[in-house]
Amino acid sequence: MSPKKGLPIASSRAVVGFIGSLLTQRRRLVVAVVLANALAAGAGLLVPRLLGALVDSTVADVQAGRQDAALAAANSAALIVAGLVVLQALLIFAAQLSSTMLGQDVLASAREYVVRAILRLPLSRVESASSGDLVTRVTRDVGTMSESVRWALPQSIMAGITVVLTLVAMVSNSLLLSVPSLVLMSLAILQVRRYLARAPKGYLTEGGTYSRINTTLTETVEGVRTVEALGLRANRLRRGDDDIAVSAQAERYTMTLRNLLFIVMDIAFSLPRVFVLLLGAIGYAEGWVTLGQITTAILFTDALWGPFDMLVHTVDRVQVGIASTTRLLGIASVPPDREPGDLVPTGADLVGRDLRYAYREGHDVLHGVDLELRTGERLAIVGPSGSGKSTLGRLLSGIHGPRTGSVAVGGVELTALPLDVLRREVALVTQEHHVFIGTIRDNVVLAREGAPDEDVIEALRAVDAWEWVERLPEGLDTRLGSGQLALTPGRAQQVALARLILADPHTIVLDEATSLIDPRTARHLEGSMNALLTGRTVVAIAHRLHTAHDADRIAVVIDGRVAELGSHDELVALDGEYAALWRAWTS
């Protein structure tokens with residue numbers, strides 16, 4: 001739960017404020033829900049009062065020898081009860097309809113808020129958190145919140161109104177006969193309060209264990225080749241078993257809380273009828289209550305504990321939902337990693353000064369790097385794995401802000417540019433790619449909404465993709481994604497590169513952008529891109545040194561520092577780090 005180690009968790013006050021704001025925006029609908037439920041509950045509560053009055057009038061008529069009057073009163077009461085039942089059914093339908101509309105409307109807004117919060121997350125913070133945590137929040141937590149908002153919230157409103165009105169009607173019928181229900185309900189509420197004091201932390205812990213399981217599972221699946229190569233199968237299985245054991249213990253705790261709550265609820269649900277009958281017998285013998293009041297009290301008792309049990313059950317589900325919502329709202333509480341300004345770049349020169357960056361405090365991976373890119377040049381960044389090449393590329397593209405120093409384009413700090421402006425200046429393409437559900441056209445025009453088909457085709461041609469796209473039965477309208485056409489890693493990377501072409505930035509950072517394509521295709525692809533990249537500043541981070549050979553300058557990064565900088569011929573003649581790499585590559 002530590003915000004320093006993962007994504008933060010919002011406070012309960014923030015959750016209450018969030019839900020309150022959603023309900024405040026729908027005042028009319030909330031009023032409709034409350035009014036419809038109050039009327040439905042009121043109609044239902046009239047029946048016990050009517051039957052109690054019927055019992056008293058029947059007893060009086062029979063004792064006075066007016067059997068015909070008693071029968072007529074019973075017939076009239078039957079008609080009134082039938083009418084009330086029909087009216088209550090209509091009101092219940094209206095109440096459920098308005099409750100469903102409220103729940104779905106609130107759910108839609110909550111989901112949109114969460115999606116916006118996720119898309120606003122700084123990439124640096126996403127990468128520092130575990131993948132399992134974010135996956136759990138946007139899957140299980142969203143689902144749990146959905147259930148609470150769609151079902152538990154409206155049901156709690158309905159049950160709460162019914163309980164309050166039933167208690168009022170019960171006390172107005174007979175204070176004596178309402179004592180058992182009031183006392184036992186008070187005892188049940190004490191247990192509910194005890195439960196509510198412990199449940200939030202329990203459910204938060206439970207949600208955290210799911211994140212832990214997902215993190216281990218994701219790491220194992222993504223690193224399956226490493227697991228197999230190093231014989232780590234038993235180790236990863238043991239790690240997964242340990243995570244499941246921790247999660248099981250967390251679930252035992254919350255289940256124990258629920259069981260203790262439900263035991264008290266079952267006792268409180270069963271005893272009131274017995275005590276009402278005992279008090280009723282004593283009260284009737286002493287002349288304190290009538291048979292009609294006893295009948296009404298018994299019916300009210302049955303009418304009370306059903307909604308009260310539902311209220312407690314929904315409160316339990318709401319607690320689970322609140323725990324998930326605190327985790328989701330925690331995403332929204334992540335502060336931005338940049339403050340966009342109003343300055344506009346006056347040129348295309350990209351300059352980095354005294355660049356230092358640390359993924360963990362006190363452990364810099366870059367150490368005072370200075371790099372000035374000439375407009376239109378091609379700079380290759382090479383070096384051994386873990387030397388800081390990709391980190392430098394992310395700083396040069398504005399993904400991360402440097403710990404010290406600055407990266408500026410046209411005299412303006414990259415992190416001071418709005419993201420839409422930044423991506424028109426500098427774009428990063430990595431070896432990671434994603435194919436979204438939609439057509440090929442949809443996937444390419446993500447870089448520039450509304451781009452005409454001619455520009456899309458030109459971008460696909462530039463990356464050697466139009467030939468295979470054109471052969472597809474539906475061409476640009478071919479749907480990709482789950483259940484549709486599955487692209488090979490190479491073709492998916494071509495689509496990602498086509499997005500880059502369509503975005504048309506003046507500076508491009510390629511971080512192993514062709515690593516998932518076979519060497520021959522990659523070489524051909526890079527060659528075909530050269531014509532289109534003419535006039536743009538290109539930073540290519542690669543292990544394939546043929547890319548460096550073709551570059552105007554080469555920066556050799558060793559242990560977070562630029563050890564050598566120059567052209568291919570200059571560095572080979574220098575006979576230093578690059579020369580050794582080149583000999584190893586060509587031998």
Side-chain angles (χ1 to χ4, degrees), residues 37-38 40-64 66-67 69-71 73-74 76-78 80-81 84-85 88 156 158-196 259-316:
N37 281 284
L45 294 174
L46 287 175
V47 174
R49 291 302 295 264
L50 181 62
L51 293 177
L54 178 62
V55 169
D56 285 338
S57 66
T58 300
V59 170
D61 288 339
V62 170
Q63 288 176 348
R66 298 190 299 268
Q67 285 79 3
L71 184 59
S76 298
I80 295 174
V81 168
L84 287 173
V85 169
Q88 185 185 22
S156 62
M158 295 168 61
I161 293 173
T162 303
V163 167
V164 171
L165 292 180
T166 304
L167 284 174
V168 172
M170 182 180 290
V171 173
S172 67
N173 172 63
S174 170
L175 180 59
L176 174 66
L177 298 179
S178 64
V179 168
S181 294
L182 292 174
V183 171
L184 289 171
M185 182 175 288
S186 300
L187 295 176
I189 289 175
L190 289 177
Q191 178 61 25
V192 171
R193 289 187 60 185
R194 181 178 180 275
Y195 166 79
L196 293 179
N259 287 339
L260 292 173
L261 174 65
F262 294 151
I263 288 172
V264 174
M265 288 302 302
D266 287 341
I267 294 173
F269 182 79
S270 304
L271 292 181
R273 298 178 182 85
V274 178
F275 289 128
V276 168
L277 286 174
L278 288 174
L279 281 178
I282 296 172
Y284 182 71
E286 296 293 332
W288 299 335
V289 294
T290 65
L291 288 177
Q293 287 178 306
I294 297 173
T295 302
T296 301
I298 289 293
L299 293 175
F300 278 156
T301 301
D302 287 336
L304 172 65
W305 288 96
F308 185 70
D309 184 60
M310 174 60 72
L311 180 61
V312 173
H313 182 67
T314 54
V315 165
D316 175 61

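Here, residue 1 is the first one in the sequence, and each next residue gets the next number.
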List in chain and number order the residues that pass ring pair (Phe, Tyr, Trp, His ring centres under 6.0 Å) with Phe300, two or more places apart in sequence or in another chain; answer none if no residue qualifies.
none
Look up atom CD1 in Ile298 and atom CG in Leu277, then write down how far apart they are to the nearest 0.5 Å.
4.0 Å
Using a 4.5 Å cut-off on heavy atoms from C-beta on, say whether the side chain of Ile294 contacts that of Leu177.
yes
Applying salt bridge (Lys or Arg N to Asp or Glu O under 4.0 Å), can you list everything that pairs with Arg194, at least two apart in sequence or on another chain?
none
Decide yes or no for Leu84 and Gln88: does some side-chain heavy atom of the first lie under 4.5 Å from some side-chain heavy atom of the second?
no
Measure the CD-CZ distance between Gln293 and Arg49 for me, rounded to the nearest 0.5 Å.
8.0 Å
The single option from Leu279, Leu278, Val274, Thr301 passing side-chain contact (heavy atoms from CB on, under 4.5 Å) against Pro180
Leu279
Rounded to the nearest 0.5 angstrom, the CE-CG distance for Met170 and Leu165 is 12.5 Å
Is any side-chain heavy atom of Phe275 less than 4.5 Å from a side-chain heavy atom of Leu184?
yes
Counting only N and O atoms by type, is there a donor-acceptor contact under 3.5 Å from the side chain of Ser181 to the main-chain atoms of Ser178?
no
Would you confirm whether Thr296, through its side chain, and Pro48, through its main-chain N or O, come within 3.5 Å as a donor-acceptor pair?
yes
Residue pair Asn37 / Thr162, side-chain heavy-atom distance below 4.5 Å
no
Here the gap from Ile282 atom CD1 to Trp288 atom CH2, rounded to the nearest 0.5 Å, amounts to 7.5 Å
Could you please spell out the steps behind the side chain to side chain contact (heavy atoms under 4.5 Å, CB included) verdict for Ile80 and Leu50?
CA-CA 9 Å; Ile80 295 174; Leu50 181 62; 3.5 Å; yes
Would you compute the distance between atom CG of Asn173 and atom CG of Leu45 and round it to the nearest 0.5 angstrom?
11.0 Å
Mind checking side-chain contact (heavy atoms from CB on, under 4.5 Å) for Ile267 and listing every partner two or more places apart, or none if nothing turns up?
Ile263, Leu271
Should Leu304 and Leu167 count as side-chain neighbours, where that means a heavy-atom distance under 4.5 Å?
yes
Selection residues 162-174 - residue pairs positive for salt bridge (charged side-chain N to carboxylate O under 4.0 Å, His left out), sequence neighbours left out
none
Quick one: closest heavy-atom pair of Ala159 and Pro307, and the distance?
CB-O, 3.4 Å
When rounded to the nearest 0.5 angstrom, what is the spacing between OH in Tyr195 and CG in Asn259?
10.5 Å
Looking at every non-hydrogen atom in both residues, tell me the closest pair between Leu311 and Gly160 and how far apart they are.
CD1-N, 4.0 Å
Who pairs with Thr290 by side-chain hydrogen bond (donor to acceptor under 3.5 Å, both in side chains), at least two apart in sequence or on another chain?
Asp56
Tell me, please, which residues at least two apart from Val164 pass side-chain contact (heavy atoms from CB on, under 4.5 Å).
none
